[in-house]
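Reviewing the structure listed below.
In what follows, every chain begins at residue 1, and chains take the letters A, B, ... in the order their sequences are listed.
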Amino acid sequence: MDVYSTLTRSKEDFVTINKNRVNLFVCGPTVYDDAHIGHGRTYISFDTIKRYLEYSGYAVFYIQNITDIDDKIINRSKESGIPAHELARKFEKRYIEDMNKLNVNGVNLFARATDHVDEILDQIQRLIDKGFAYETEDGVYFEIEKFPEFGKLSNRNIEELESHRDLADTTKKNPQDFALWKKRVDVDEPTWPSPWGDGRPGWHIEDTAITEYYFGPQYDAHGGGLDLIFPHHEAEITQMEAVSGKAPMVKFWLHTGFLNVNGEKMSKSLNNFITIRELLKDYAPATFRFFVLSTHYRSPIDFSKDSLHQSEKSLDRIRKYYELLDVEVGEEFHSDYEILDKWSKEFFDSMDDDFNTPKAIAAIFGLINDSKSDLDNLSDDDKIAIKAFLDDAAHIFGVSFELQDVNAGSDDLLDLISEVRSELRSNKQYDLSDKIRDSLQSLGYEIND
RNA sequence: GGCAAGUUUACCGAGUGGCUAGGUGUGUGGCUGCAGACCAUAAUACGGGGGUUCAAGUCCCUCACUUGCCUCCA
């Protein structure tokens with residue numbers, strides 16, 4: 001299996017630290033508002049990656065942090081009058097609900113920043129002891145001059161960055177030094193005691209404190225959105241490798257591309273901000289998942305009604321084919337159906353190639369196109385084999401290929417109506433039968449004569 | 001300005017130097033009372049310009065354009 005790492009800007013053989021174990025960390029959300037479809041894109045991608053790793057025989061431990069204390073939460077708390085702690089819990093709960101609806105359920109542990117303050121304090125102390133960090137009157141900072149490798153993930157160097165920063169009103173030695181601890185005294189916001197006075201953690205330190213605690217100083221893969229490469233992930237590498245003296249902290253850095261809306265960046269000012277909750281009022285979760293997976297996870301993806309519609313139709317086509325496989329998948333079956341072998345190999349080869357889901361989807365259609373015409377001539381075992389393959393693919397993608405029977409329960413009534421319509425048609429009373437058809441269609445029913 | 005990713009047929013979107021990606025949409029034919037669904041079938045491509053090669057969408061150079069990051073951001 002080949003996986004692309006941002007650190008080397010190339011695909012590399014996926015070699016893990018400990019045999020078939022994979023320790024995976026993905027940056028979670030800051031819980032000050034509802035999750036949007038960009039979050040959805042990123043977390044669906046990593047959910048699928050985890051699913052595929054597990055399918056391939058890896059035991060994956062997937063941790064996601066929850067940033068439940070930071071400026072945005074505090075600001076929102078002051079605006080709304082809801083205590084910061086309460087606000088964070090509320091949106092954390094809504095976030096997890098949203099993810100469950102999208103069938104994103106692979107995270108083994110959600111780790112809150114505020115539940116790991118002890119580990120954070122401990123890591124800061126060790127950074128000070130080793131001479132990488134210093135205290136000023138308003139906080140504790142990492143001194144990047146002490147870590148010459150700063151910039152290796154994002155291809156930047158300290159000199160060039162300095163010229164773009166303003167040193168005014170900061171107590172830092174160097175403008176690029178970043179906060180490990182922010183001292184906060186006499187303010188109406190949550191603080192924690194520390195050896196340097198009351199305050200709260202800087203943004204970057206929570207992730208390395210959490211990963212060191214659960215994984216140790218080195219682990220297999222770290223993911224997040226493209227926008228986190230600098231400065232967030234750069235700072236993580238700096239902190240962790242400085243404190244442990246071991247490198248690399250992470251071998252595989254995985255970054256998801258952005259989701260745009262109608263070609264524009266999603267932002268509140270453009271009024272094109274779509275939350276997952278809003279999305280799911282109009283579209284099925286599987287449609288959105290399939291839409292996300294029809295683009296490679298590192299590429300930008302453009303969200304539009306039209307694209308969602310295309311995904312819906314594509315998924316429908318797979319489902320209609322799946323329905324033609326009128327067999328039950330049992331324990332044992334034997335098949336050497338060549339067309340299936342060819343396309344399933346293509347499917348898994350594609351997934352092995354940096355999780356190339358669009359190509360894997362194409363392999364499913366390849367199978368459909370090549371096998372559809374001789375489906376009637378296939379043995380039950382061959383059909384079972386096809387169905388088992390599609391079940392695996394569906395599981396990896398986190399969708400279902402079962403036809404969605406949204407009208408279950410009203411079957412008798414529908415049967416009656418369509419019977420009446422058939423009778424009208426056989427009597428050539430098309431005015432009335434077409435009226436029934438139109439009405440049923442406007443109610444969302446499909447007519448397949 | 002620095003760094004990064006892109007520019008493929010109407011749209012989305014794969015492409016490891018030589019063999020039809022795939023989907024959606026469209027055309028044509030079939031089935032239909034008609035439309036849809038369904039079945040069959042067809043067409044359109046590689047941003048511009050150089051170069052390497054027997055052969056380039058695929059490698060190299062160059063130009064143009066797009067997007068993102070460089071402050072918080074999935």
ring-ring contact (aromatic ring centres under 6.0 Å, His included), paired with A:Phe252, selected from A:Tyr219, A:Tyr4, A:Phe14
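Answer after filtering A:Tyr219, A:Tyr4, A:Phe14: A:Phe14.
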Minimum-distance nucleotide to [X] side chain [options: [options]]:
| X | options | answer |
| --- | --- | --- |
| A:Asp434 | B:G33, B:A4, B:A74 | B:G33 |
| A:Tyr43 | B:C38, B:C69, B:A74 | B:A74 |
| A:Ala362 | B:C69, B:A37, B:G22 | B:G22 |
| A:Lys313 | B:G25, B:A74, B:C70 | B:G25 |
| A:Thr42 | B:A74, B:U24, B:G33 | B:A74 |

Rounded interatomic separation in angstrom, taking [atom1] from [X] and [atom2] from [N]:
| X | N | atom1 | atom2 | answer |
| --- | --- | --- | --- | --- |
| A:Asp47 | B:A74 | CG | P | 18 Å |
| A:Asn262 | B:C11 | CG | P | 15 Å |
| A:Trp253 | B:A74 | CH2 | C1' | 14 Å |
| A:Phe178 | B:C72 | CZ | P | 12 Å |
| A:Phe258 | B:U67 | CZ | C1' | 11 Å |
| A:Tyr32 | B:A74 | OH | C1' | 11 Å |
| A:Asp33 | B:A74 | CG | P | 11 Å |
| A:Phe230 | B:A74 | CZ | C1' | 18 Å |

Would you measure the distance from the [atom1] atom in [N] across to the matching atom in [M] and give it in whole Å?
| N | M | atom1 | result |
| --- | --- | --- | --- |
| B:C69 | B:G13 | C1' | 25 Å |
| B:U41 | B:G23 | P | 12 Å |
| B:A40 | B:U32 | C1' | 16 Å |
| B:U8 | B:A14 | C1' | 10 Å |
| B:U44 | B:G51 | P | 28 Å |
| B:A43 | B:G47 | C1' | 23 Å |
| B:G2 | B:C19 | C1' | 43 Å |
| B:A45 | B:G57 | C1' | 9 Å |

[X]-[Y] aromatic ring centre distance below 6.0 Å:
| X | Y | value |
| --- | --- | --- |
| A:Tyr55 | A:Phe355 | no |
| A:Phe142 | A:Phe150 | no |
| A:Phe389 | A:Phe347 | yes |

B:G33 base to A:Arg425 side chain: any donor-acceptor pair below 3.5 Å?
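Counting by modelled atom types and ignoring angles, a donor-acceptor contact under 3.5 Å is found here.
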Classify the side chain of A:Arg9 and the base of B:A4 as holding, or not holding, a donor-acceptor pair under 3.5 Å.
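No, no donor-acceptor pair under 3.5 Å.
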With a 4.0 Å limit, can you tell me whether [X] has a side-chain N or O closer than that to the phosphate oxygens OP1/OP2 of [N]?
| X | N | answer |
| --- | --- | --- |
| A:Asn369 | B:G23 | yes |
| A:Lys265 | B:C69 | yes |
| A:Arg437 | B:A35 | no |

With a 4.5 Å heavy-atom cut-off, do A:Glu92 and A:Ile96 have their side chains touching?
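A side-chain contact exists here, since the closest heavy-atom pair is under 4.5 Å.
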Are [X] and [Y] within salt-bridge range, i.e. N to O under 4.0 Å?
| X | Y | answer |
| --- | --- | --- |
| A:Arg76 | A:Glu79 | yes |
| A:Lys90 | A:Glu86 | no |
| A:Arg200 | A:Glu189 | yes |

Please classify the nucleic acid contact of [X] as base, sugar-phosphate, or nothing, using heavy-atom distances under 4.0 Å.
| X | result |
| --- | --- |
| A:Ile229 | nothing |
| A:Gly224 | sugar-phosphate |
| A:Lys428 | nothing |
| A:Ile361 | nothing |
| A:Phe365 | sugar-phosphate |

Review item, nucleotides 12-16 of chain B N/O atoms under 3.5 Å of protein N/O:
residue	atom	partner	partner atom	Å
B:A14	OP1	A:His296	N	3.2
B:A14	O3'	A:Asn356	ND2	3.0
B:G15	OP1	A:Asn356	ND2	2.4

Closest-nucleotide mapping onto RNA chain B: is A:Cys27 or A:Asn260 further toward the 5' terminus? I mean the 5' end.
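Its nucleotide being nearer the 5' end, the pick is A:Asn260.
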Toward the 5' end of RNA chain B, which comes first, A:Ser154 or A:Thr256, by nearest nucleotide?
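Closer to the 5' end of RNA chain B: A:Ser154.
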Would you find a donor on one side and an acceptor on the other, under 3.5 Å apart, between the side chain of A:Glu234 and the backbone of A:Lys152?
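Checking the backbone N and O of A:Lys152 against the side chain of A:Glu234, a donor-acceptor pair under 3.5 Å is found.
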Using 30° and 60° as the class boundaries, would you call the ring planes of A:His204 and A:Phe178 parallel, tilted or perpendicular?
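Correct class here is perpendicular.
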Kindly assign one of parallel, tilted or perpendicular to the pair A:Phe291 and A:Phe303, based on the angle between their ring planes and the thresholds 30° and 60°.
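Geometry flag for A:Phe303 against A:Phe291: perpendicular rings.
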Do the numbers put A:Lys72 on top of the ring of A:Tyr32, so that NZ or CZ is under 6.0 Å from the six-membered ring centre and no more than 45° off the axis?
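Cation-pi check for A:Lys72 and A:Tyr32: passes.
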Under a 3.5 Å cutoff on both atom distances, Watson-Crick or G-U, what's the dot-bracket for RNA chain B ([ ] crossing, | other strand)?
(((((((..(((.....[...))).(((((.......)))))....(((((..]....))))))))))))....
